[in-house]
2 protein chains.
Amino acid sequence: MENSLEYRLRAAGERLTPQRRLIAGILQEQEGHLSADEIYLLARRQHSSLSLATVYRTLRRLKESGMVRELRLSSDRYYYEIERGRAHQHIVCLSCGKVIEFTCAHCSEVYNELAVQHGFQITSARVKLLGYCADCQAHVHHET
Amino acid sequence: MENSLEYRLRAAGERLTPQRRLIAGILQEQEGHLSADEIYLLARRQHSSLSLATVYRTLRRLKESGMVRELRLSSDRYYYEIERGRAHQHIVCLSCGKVIEFTCAHCSEVYNELAVQHGFQITSARVKLLGYCADCQAHVHHET
DNA sequence: TTATATGCAAACAATTTGCATCCTG
DNA sequence: CAGGATGCAAATTGTTTGCATATAA
């Protein structure tokens, strides 16, 4: 199919290697969001000679081919998620790092208005809500 | 006044040094958004022995005291802006880096709903729209 | 066969930190 | 005067790159 790894790589004139298959597979399975290092550690379990450099290079390719979305969920590193077509944004817990996805139905209208207003051609919108999840709010109360 | 540099630093039990005054002043004057390095270069014109480390340390303090907001406008560094109380978000031109501020009237309602829905206590919202400004769209047309 | 991908180690760049010294309060 | 702040240089850390070798097509 058109959004398969094979198809995407072929379309870009790139090769389908075991490493790429593995990394893409890990991202497919995980519902969540992984850092390069987390992907590296998971992948090493099946391909022990894999290098972190290859993980980074693969992620860049997958990002460029539109298969993967790169997120700045925390301030110190990137996280990666498979592009599944359903536009969504993220809520991040500042305490435990939990990430929740949400979709904002009316947001795109707002963005379109803004685009027209400022003469911008908007290609993507990144929304990140920061706060504390239910669990962490409870813990804070106990600690104090 | 309550949002002055002096007041804020006093309240946090910290000192008012020439370096801090200078850096805060630069951020006040600039309507835009500056990276640590840009602030450093500007500040050196008036205080030639200033170190980049002090710029970073000062920015961290100003951020912690709520005077300064740290933004990830581009992927490779932070930008800093003085907190002026008016909530706003940013549109960034992927080609020339131009930044436009906008306010989203109804967004906070949406965020509040989401907060309730997921049991989150939201402390801040970051919205970044990426695209191409009017000028850069025009240039692309000429080049192609 | 041949250009692309990999693994390794070294390089990078933004940011942080250790420490001796300085200076605000 | 004392503890926080500074300047300098070195350290850190996520990410990238050079290069020789391996491999997909």
Side-chain angles (χ1 to χ4, degrees), chain A residues 4-26 33-41 43-65 67-80 97, chain B residues 4-26 33-41 43-65 67-80 97:
Chain A
S4 72
L5 180 63
E6 278 90 339
Y7 182 89
R8 299 244 189 196
L9 291 178
R10 290 272 158 65
E14 282 156 16
R15 296 179 181 174
L16 183 56
T17 64
Q19 290 91 335
R20 289 176 177 186
R21 212 191 281 272
L22 175 58
I23 291 168
I26 285 172
H33 320 79
L34 299 174
S35 66
D37 199 63
E38 289 168 341
I39 294 166
Y40 173 64
L41 291 174
R44 292 265 291 195
R45 310 220 276 231
Q46 290 168 69
H47 188 307
S48 60
S49 67
L50 180 70
S51 76
L52 186 54
T54 295
V55 174
Y56 277 109
R57 280 188 282 229
T58 299
L59 289 171
R60 192 198 298 169
R61 286 294 153 79
L62 297 179
K63 177 178 55 164
E64 286 166 358
S65 74
M67 272 197 74
V68 156
R69 192 169 163 209
E70 188 180 57
L71 307 166
R72 200 89 198 184
L73 295 180
S74 82
S75 65
D76 57 346
R77 74 196 58 212
Y78 286 111
Y79 288 82
Y80 299 86
Chain B
S4 72
L5 180 62
E6 278 91 337
Y7 182 89
R8 299 247 189 193
L9 291 178
R10 290 271 158 67
E14 280 155 16
R15 297 181 179 170
L16 183 57
T17 65
Q19 290 91 334
R20 290 177 175 185
R21 211 191 282 271
L22 175 58
I23 291 167
I26 285 171
H33 319 81
L34 299 173
S35 67
D37 199 63
E38 289 168 341
I39 294 166
Y40 173 64
L41 291 173
R44 293 264 291 195
R45 308 220 277 233
Q46 290 168 67
H47 188 306
S48 60
S49 67
L50 179 72
S51 78
L52 187 53
T54 294
V55 173
Y56 276 109
R57 280 188 283 230
T58 299
L59 289 171
R60 191 198 298 169
R61 287 294 152 80
L62 296 179
K63 176 178 54 163
E64 287 166 356
S65 73
M67 272 198 75
V68 156
R69 194 170 163 208
E70 189 180 56
L71 307 167
R72 201 89 198 184
L73 294 180
S74 82
S75 66
D76 58 346
R77 75 195 58 211
Y78 285 112
Y79 287 83
Y80 299 86

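Chain A is the first sequence line, chain B the second, and so forth, proteins listed ahead of strands; every chain is numbered from 1. Since this is a predicted model, take the numbers as computed values, not measurements.
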Atom [atom1] of [X] and atom [atom2] of [N]: how far apart are they, to the nearest Å?
| X | N | atom1 | atom2 | result |
| --- | --- | --- | --- | --- |
| B:Leu41 | C:dA14 | CG | P | 12 Å |
| B:Arg20 | C:dC22 | CZ | C1' | 14 Å |
| B:Arg61 | C:dT16 | CZ | P | 12 Å |
| B:Asp37 | C:dC12 | CG | C1' | 15 Å |
| A:Ile39 | D:dG14 | CD1 | P | 14 Å |
| A:Leu73 | D:dG14 | CG | P | 15 Å |
| B:Leu59 | C:dT17 | CG | P | 15 Å |
| A:Leu62 | D:dT15 | CG | C1' | 16 Å |

request  = Please check if any side-chain donor atom of B:Ser74 sits under 3.5 Å from a side-chain acceptor atom of B:Asp76, or the reverse.
outcome  = yes
ask   = Can you tell me if B:Tyr40 and B:Arg44 form a side-chain donor-acceptor pair at under 3.5 Å?
value = yes
[X] vs [N]: side-chain N/O to OP1/OP2 distance below 4.0 Å:
| X | N | value |
| --- | --- | --- |
| B:Arg60 | D:dA5 | no |
| A:Gln19 | C:dG7 | yes |
| B:Tyr56 | C:dT15 | yes |

key: End-to-end axis angle, where each axis spans five pairs of the helix from C:dT1-D:dA25 to C:dG25-D:dC1, to 10°   = 40°
ask   = What does nucleotides 20-25 of chain D look like as a protein-contact string, B for base, S for sugar-phosphate only, - for none, at under 4.0 angstrom between heavy atoms?
value = ---BBS
inquiry  = Categorize A:Arg21 for me: base, sugar-phosphate, or nothing, with a 4.0 angstrom heavy-atom threshold over every strand shown.
reply    = nothing
query = Of B:Ser35 and A:Gly13, whose closest DNA chain C nucleotide lies nearer the 5' terminus?
reply = A:Gly13
key: A:Tyr79 six-ring face occupied by A:Arg72 cation (under 6.0 Å, within 45°)   = no
ask   = Does A:Arg10 reach the main-chain N or O of A:Gly13 with its side chain, forming a donor-acceptor pair under 3.5 Å?
value = no
query = So, B:Tyr80 side chain and B:Lys63 main chain: donor-acceptor pair closer than 3.5 Å or not?
reply = no
For nucleotides 8-13 of chain D, list the nitrogen or oxygen atoms of the protein found under 3.5 Å from its nitrogen or oxygen atoms, one pair per line.
none

